[in-house]
Participant: 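My questions all concern the structure below.
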Amino acid sequence: MFFTVLTIFPEMFDPFWAHGIIRKAIEDQTIFASATNIRDYAEDRHQVTDDRPYGGGSGMVMKPEPLASAIRAATRTVPEAKTVLLTPQGSVFDQSMARELASFDGLVLVCGRYEGVDERVCHDLIDYEISTGDYVLTGGELAAMIVIDAVTRLIPGALGGEQAAEKDSFANGLLEHAHYTRPRIFEGNEVPEVLLSGHHQEIEKWRLESSLMRTLLKRSDLLQKKDLDQQEIEILKKWCHQIEKILGINDQRHKG
Ligand code: 4GY
């Protein structure tokens, strides 16, 4: 996978490329990553990348010519690459979008600054407009890092064998189960007994219940979207039954 970032602050990416899974993926040539300064494509003596908005108003707009030249240069280098603009106006980024982007040979990530990007560049040269969430950043750089990070860990070989991407949160549409490590008792709180038992089947069942419970309590929207399998349905029905029993007992009490 080739990542080409277009930005007026390429140095922001130096520490990002230099740590953890991203660094390892670059070293192993699982990904190829670069950040190019849009300013390098400005033709004027002062290498200006912004201009005043037509129609007036405060703030500046990203000029179309340097940005268009930078995008065309990047796609010439990786002709199969898709172009992505990071903007609050885009489709909200999620794990399924990360999977789709991971299937391409290259991504050109365009980071806007100022008040926005000239609409004609967006329209003619951008394949995907993506938002990482409903908030406004000062530029697209942090959002581009989020997309690169989430996509990289889905590329075969980027994660060590132990931490496969298929096993983790969202791979199955559920939140991750709770995690514990030593010590067995921390500030009076014990690790669930079953995790110390060595019964692998029991542990897997506990983890599925933990996943389902956390998803139900914290993100019931995910549970509504999910195609539940038979085992998951059984667990939810068991809880439902237990809750109905408790409510039944409570009803009896009130009748006296
Ligand atoms: N949210 N998701 C986001 C953003 C900043 C002005 C265009 C977001 O992706 N990007 O807030 N970007 C703006 C700043 C130019 C990008």
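All ligand and atom numbering here is 1-based and tracks the order in the structure.
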Participant: Not counting sequence neighbours, list each pair that qualifies as a ring pair (Phe, Tyr, Trp, His ring centres under 6.0 Å) and has a residue in residues 173-193.
Facilitator: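 For residues 173-193: His177-His179.
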Participant: Let me know which of Leu107, Thr75, Asp105 forms a side-chain contact (heavy atoms from CB on, under 4.5 Å) with Lys82.
Facilitator: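 Only one of Leu107, Thr75, Asp105 forms a side-chain contact (heavy atoms from CB on, under 4.5 Å) with Lys82, namely Leu107.
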Participant: What residues form a side chain to side chain donor-acceptor pair (under 3.5 Å) with His46, not counting sequence neighbours?
Facilitator: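 Once residues adjacent in sequence are excluded, His46 has no partner under the side chain to side chain donor-acceptor pair (under 3.5 Å) criterion.
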Participant: Apply the test side-chain contact (heavy atoms from CB on, under 4.5 Å) to residues Val110 and Ile71: give CA-CA distance (whole Å), side-chain angles for both, the deciding distance (0.1 Å), then the verdict.
Facilitator: CA-CA 8 Å; Val110 179; Ile71 294 170; 3.9 Å; yes
Participant: Any ion pair linking Glu204 and Arg207 (charged N to carboxylate O, less than 4.0 Å)?
Facilitator: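 Yes, this pair counts.
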Participant: Which residue pairs pass the ring pair (Phe, Tyr, Trp, His ring centres under 6.0 Å) test with at least one member in residues 17-36, sequence neighbours excluded?
Facilitator: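 Listed by first then second residue: Phe2-Phe32, Phe13-Trp17.
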Participant: Pairs of nitrogen or oxygen atoms, one from ligand 1 and one from the protein, closer than 3.5 Å: please tabulate them with distances.
Facilitator:
residue	atom	partner	partner atom	Å
ligand 1	1 (N)	Gly133	O	3.2
ligand 1	1 (N)	Tyr135	O	2.9
ligand 1	2 (N)	Thr132	N	2.9
ligand 1	2 (N)	Thr132	OG1	3.3
ligand 1	9 (O)	Thr87	N	3.4
ligand 1	10 (N)	Thr87	N	3.3
ligand 1	11 (O)	Leu137	N	2.8

